[in-house]
Amino acid sequence: MKKLINAPDAVVREALEGMELAYPDRLRVSYDPAYIVRADAPVAGKVGIISGGGSGHEPMHGGFVGPGMLDGACPGEVFTSPTPDQMMAATKAVDGGSGVVHIVKNYTGDVMNFEMAADLAGEEGIPVEVVVTNDDVAVQDSLYTAGRRGVGITVIAEKICGAAAEERRSVVDVAELGRRVNAEGRSMGMALTACTTPSSGEPSFVLGDDEMEIGIGIHGEPGRYREPLAPASVVVDRLASAVVEDLPYSSGDQVLAMVNGMGGTPLIELFIVYRELHAFLEERGITITRPLVGNYITSLEMAGCSITLLRLDDELTRLWDAPVNTPALRWGA
Amino acid sequence: MKKLINAPDAVVREALEGMELAYPDRLRVSYDPAYIVRADAPVAGKVGIISGGGSGHEPMHGGFVGPGMLDGACPGEVFTSPTPDQMMAATKAVDGGSGVVHIVKNYTGDVMNFEMAADLAGEEGIPVEVVVTNDDVAVQDSLYTAGRRGVGITVIAEKICGAAAEERRSVVDVAELGRRVNAEGRSMGMALTACTTPSSGEPSFVLGDDEMEIGIGIHGEPGRYREPLAPASVVVDRLASAVVEDLPYSSGDQVLAMVNGMGGTPLIELFIVYRELHAFLEERGITITRPLVGNYITSLEMAGCSITLLRLDDELTRLWDAPVNTPALRWGA
Amino acid sequence: MGCVTPDADTIDHAAVVAWIRRFAAEIDEHRAELVRLDTAIGDGDHGTNMDRGMRKVVEKLDGAAGDDIGALLKAAGMALVSSVGGAAGPLYGTLFLQMGSATGGAATLDTAGLTQALEAGLRGVQARGKAEPGDKTMVDALVPAVEALHRAQSDGVAVGEAARLAAAAAEEGMKATIPMEARKGRASYLGPRSVGHQDPGATSSYLLLRSAAEAFANT
Amino acid sequence: MGCVTPDADTIDHAAVVAWIRRFAAEIDEHRAELVRLDTAIGDGDHGTNMDRGMRKVVEKLDGAAGDDIGALLKAAGMALVSSVGGAAGPLYGTLFLQMGSATGGAATLDTAGLTQALEAGLRGVQARGKAEPGDKTMVDALVPAVEALHRAQSDGVAVGEAARLAAAAAEEGMKATIPMEARKGRASYLGPRSVGHQDPGATSSYLLLRSAAEAFANT
Ligand SMILES: Nc1ncnc2c1ncn2[C@@H]1O[C@H](COP(=O)(O)OP(=O)(O)O)[C@@H](O)[C@H]1O
Ligand SMILES: Nc1ncnc2c1ncn2[C@@H]1O[C@H](COP(=O)(O)OP(=O)(O)O)[C@@H](O)[C@H]1O
Ligand SMILES: [Mg+2]
Ligand SMILES: [Mg+2]
Ligand SMILES: [Mg+2]
Ligand SMILES: [Mg+2]
């Protein structure tokens, strides 16, 4: 295992300290329990938005804390959902009197821990609305399974809910909007290499030099199927076909298209993927009106990418364009 | 070789196409010869600033094209300096009548190609000033060698020169400022893994599972020495000691500190490195007043990091803080 | 610690403390194995998660006095909830919290008391996680254990032996997860590719029962 | 193409075209080797760079008419400058441009003409790159080649044989770079670690001279 770390079990804490030192004016960090809130939290009269999940997906979520996006983030251990006490403390820290929205990726652990936190918040009289994201089409959705995973759309939901909260919309409204974003969004990812959690020290799966894994999750979970390494155009075809057919997206749709790197993929490759995605969608009459290319929701040092589409309307576009001022996503500010 | 590409010799062109498609309102791309300019180039009365170099260092330089930073960038093949005709065409495209500054990293190829371009520009009556960056303390500087390499300070020089140009300062002033940034800046990098150029298909060097390479360049050049893998604190000690002792930076100095990822290093590790750097400098009475943590000048998928310091004064701080609106660096806009 | 008298019909607070310490030690010892099992069909953190949690529980124990078994189990549950995270945190946390509720105020437990406690814990786990037997989760180790305890109770078996029978049943239940296709938790994403691997949570649940058997056995 | 008559004292435009084509073919053939040499002490692109450039040159040749050797060499130089990049682009570009200047208007070259041309090219390379013999660069292959041509000229050797002697000298010069420590170009960053490797640019320069020898040899 080759990592720029000091000790496997100090990774999350030390990275948090690094973030706090790097953004002293923008973020406030608590260590026990661990959470990050924007420096001016709580914002009176504004719905608070928190998210959280295992670490190892940076910049998600801590990098999205700031005006126009999240009020707070709860980092768990690497690839491990945070705990209810973190979420509860963050919820209290960001509640400006208008309630708090929890944006939760659909994983058993995340959902259960956030459920317990919402129960606790309810007991303390803080109205909490929960938005569960489950956009990963690689996983079959069924009542009898854990359901689809929450992946790339989470970032976009955080941005759009954040913009709505800045407009002082109600906690119910903001959550409703988050659910709409989730409903209009779909994702799928792939890997060229696995990743290694600091605590296990071993790659999460083993891929041959000439293989790639399609449909991976963001926790080093193996994917839907494995196949021989192929050109970027084929990779995009695999991912984008599954994404487009699932909703489905159709001719005339305007979309936000995110090409996301899994952490170990250089930007030059992501632009090639974006080029392929653009061609793929254009062929189907789907127009990208808002692009986002970069590393936003990662899996440690995994090489690979994911594609997320969100069907846009005027409202979603306006909220996407609204100013945002976070370490990892910033415009208009 | 595992890459999200279509064909090794199409990498640069297709990534450029991806960039053009992703930023249609912000960038204009020419393919033959290859260069990127900001959409509104040339800006009348403003000094134009171009940079360029081999590809594979993304977001540098194309990702830094936009108001407040570069007017144009010339991408070469991967790790290969671009050619004089590209530079000449970009120079013409960004000349708003006040001359053009070329920001050139000190590599034999880059310097010679930019020299030829400056000669051509001179023949066409465009005043060109050249700023050569050479901040890499891993390389011994001497009249009888190629001299120190230009690395991280290039990004910072581009930002600061860009801000000065927006203030309508003269071509001589802007270049002088760039040289001052270079003089006050130092860098050093290290690698946990090598990188593989698409055309060669083989790693640039081979590192054991328990080794790291200190003092690497950004073109997969092996470094100054190799040693056993060590904790982040030791890595930072190696890099920061060399950097601090070279200028030297001393107690009371205020610095901009950049912790840069080489392309394959996840952000969570960069924040741990930043934490170590902060402690290292604090111990020596050096204060970080402006931090920058992320992937800015990379080596394809290399895992590793580099550290750059710039000694700040009020003017440099003000110019650093000025609005910038590029794909990869954006604030105040 | 002679917390159980030979062939005792009940266990006391000290015996439950011994059980928890034993479980913590087993988790520590099998941490790497649990990580390996979870790497195969999950995200490789189950051993680390449980170990982090049980260390916190043991820290709490060091300051635990009194003879209220319910309070002890609840404190363990709270420590797990706020330190484990992931799926195991709420599930094991709920297991212990519910065992604590079922034994609130009790200074000793006989076979019936232990049965009620574990059954309450299992109900809590199922309420929280919605898993049924056969879904390839910790439930598949706990259900046979609870059944074995019920049988032991009707057969009038003493608590130490009852725990041994429960552990044996849990071991069978754990092994039975190998051929199952996961329908809950992270392993479910693998669908048929989850077949052939033993569930990490069922494994840690077996360790929980084995720890009880060891802690409650005649010394 | 019988561009050279046996024992001819001069080469013509067609022979120079043959030289350039031959060089392009050699580069294509040794591309991987040049990449490997440059990977060891540089950035692994020399083979790719030269190949990209020589393909462009050959494209230009396809449309080249007339008998002006100088114009031909200049066109090749321009194509190299605007397609190779890196260090090799300006250096080989300058080499050809200066050879072109030195032979402007000439329809044939004898040994003296070839000597003057290569010497002018070498001067251009040194003016551009500031490398001295012993710095472990292409200069180390070119200098002995120019010296050999001078000797051939004073000895009254015909141009085909002169090219052969120059190629032999360049080969020695190329091999002599192996023990050198690089002081110019990217390899200089390695300092002493550059010792023991053959310089890629010296290698391509040897190929340039060998191509001349082959193109100008009696057929
Ligand atoms: N819905 C559920 N009900 C019961 N047990 C579950 C459920 N989901 C997961 N588990 C158990 O949790 C174990 C995984 O725990 P752990 O690895 O710590 O959490 P995570 O899956 O969040 O990484 C699984 O092996 C399984 O036994
Ligand atoms: N200053 C110089 N003078 C002469 N030749 C040089 C100089 N610098 C580099 N070279 C030659 O260029 C070769 C490398 O060319 P190439 O790999 O194409 O460019 P780059 O070093 O930019 O990647 C070296 O092997 C060396 O022979
Ligand atoms: Mg987990
Ligand atoms: Mg090069
Ligand atoms: Mg797990
Ligand atoms: Mg090279």
Side-chain angles (χ1 to χ4, degrees), chain A residues 2-7 10-12 14-19 21-23 55-56 58-59 63 78 192-193 195 207 209 212 229 231-233 235 259 263-276 278 288 291-295 298 300-301 303-305 325 327-328 330-333, chain B residues 2-7 10-12 14-19 21-23 55-56 58-59 63 78 192-193 195 207 209 212 229 231-233 235 259 263-276 278 288 291-295 298 300-301 303-305 325 327-328 330-333:
Chain A
K2 291 190 136 181
K3 292 187 185 298
L4 290 170
I5 63 174
N6 289 309
V11 165
V12 172
E14 293 186 356
L16 269 183
E17 289 175 5
M19 274 197 87
L21 291 166
Y23 307 109
S55 294
E58 290 66 27
V78 173
L192 293 174
T193 65
C195 58
L207 266 177
D209 274 355
M212 60 183 185
L229 209 58
S233 60
V235 169
V259 168
T265 295
L267 205 48
I268 192 170
E269 296 178 27
L270 297 183
F271 280 114
I272 294 177
V273 171
Y274 183 78
R275 171 187 185 271
E276 299 303 327
H278 191 277
I288 303 178
L292 189 66
V293 182
N295 288 285
T298 62
L300 296 171
E301 76 286 3
C305 70
N325 185 352
R330 184 167 177 174
W331 54 74
Chain B
K2 292 190 133 180
K3 293 186 184 297
L4 290 168
I5 63 174
N6 289 309
V11 164
V12 172
E14 292 186 356
L16 269 184
E17 288 176 4
M19 273 198 87
L21 291 166
Y23 307 109
S55 294
E58 291 65 27
V78 172
L192 295 173
T193 64
C195 59
L207 266 178
D209 273 355
M212 59 184 185
L229 209 60
S233 60
V235 169
V259 168
T265 295
L267 204 47
I268 192 169
E269 297 179 26
L270 297 183
F271 280 114
I272 294 176
V273 171
Y274 183 77
R275 171 187 185 271
E276 299 303 328
H278 191 278
I288 303 178
L292 189 67
V293 181
N295 289 287
T298 61
L300 296 171
E301 77 285 5
C305 70
N325 186 351
R330 184 167 178 174
W331 53 74

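In this structure, the portions of Asn6(B) lying under 4.5 Å from any heavy atom of chain A include both its backbone and its side chain. The contact between Leu207(B) and chain A is made by backbone and side chain atoms together, counting heavy-atom distances below 4.5 Å. Heavy atoms closer than 4.5 Å to chain A are found nowhere in Thr298(B), neither backbone nor side chain. Residue contact with chain B, scored on non-hydrogen atoms closer than 4.5 Å, is absent for Ile288(A). Interface remark: Ala22(A) contributes backbone and side-chain atoms alike to the contact with chain B (heavy atom separation under 4.5 Å). For Pro291(A), the part lying near chain B is the side chain, with the backbone staying farther off; criterion is any non-hydrogen pair under 4.5 Å. Within the 4.5 angstrom heavy-atom criterion, no atom of Val259(A) approaches chain B. With a 4.5 angstrom heavy-atom cutoff, Cys195(A) does not touch chain B via any of its atoms.
Paired with Leu4(B) under the rule side-chain contact (heavy atoms from CB on, under 4.5 Å), one option of Leu229(A), Val235(A), Ile272(A) passes, and it is Val235(A).
The minimum heavy-atom distance between Glu276(B) and Ser233(B), with the atom names listed, is OE1-CB, 3.3 Å. Nearest heavy atom pair, residue Gly304(A) against residue Thr265(A), reads N-OG1, 2.6 Å. Here the shortest heavy-atom pairing between Leu267(A) and Gly294(A) reads CD1-CA, 4.2 Å.
Of the inter-residue distances, the one linking Ile268(A) atom CD1 with Ser55(B) atom OG reads 5.0 Å to the nearest 0.5 angstrom.
For the options Ala7(B), Ala10(B), Gly264(B), heavy-atom pairs under 4.5 Å to chain A are most numerous at Gly264(B). Taking Val293(A), Val273(A), Asp209(A), Thr193(A) one by one and counting their heavy-atom pairs under 4.5 Å with chain B, the maximum is reached by Asp209(A). Across Tyr274(A), Phe271(A), Tyr23(A), the residue that shares the most heavy-atom pairs under 4.5 angstrom with chain B is Phe271(A). With respect to chain B, the highest number of heavy-atom pairs below 4.5 Å among Leu300(A), Asn325(A), Asn295(A) belongs to Leu300(A).
With sequence neighbours excluded, no residue forms a side-chain hydrogen bond (donor to acceptor under 3.5 Å, both in side chains) with Glu58(A). Legend: residues meeting side-chain hydrogen bond (donor to acceptor under 3.5 Å, both in side chains) with Glu269(A), ordered by chain and number and at least two apart, are absent.
Under the 4.0 Å criterion applied to side-chain N and carboxylate O atoms, Lys2(A) and Glu301(A) are not assigned as salt-bridge partners.
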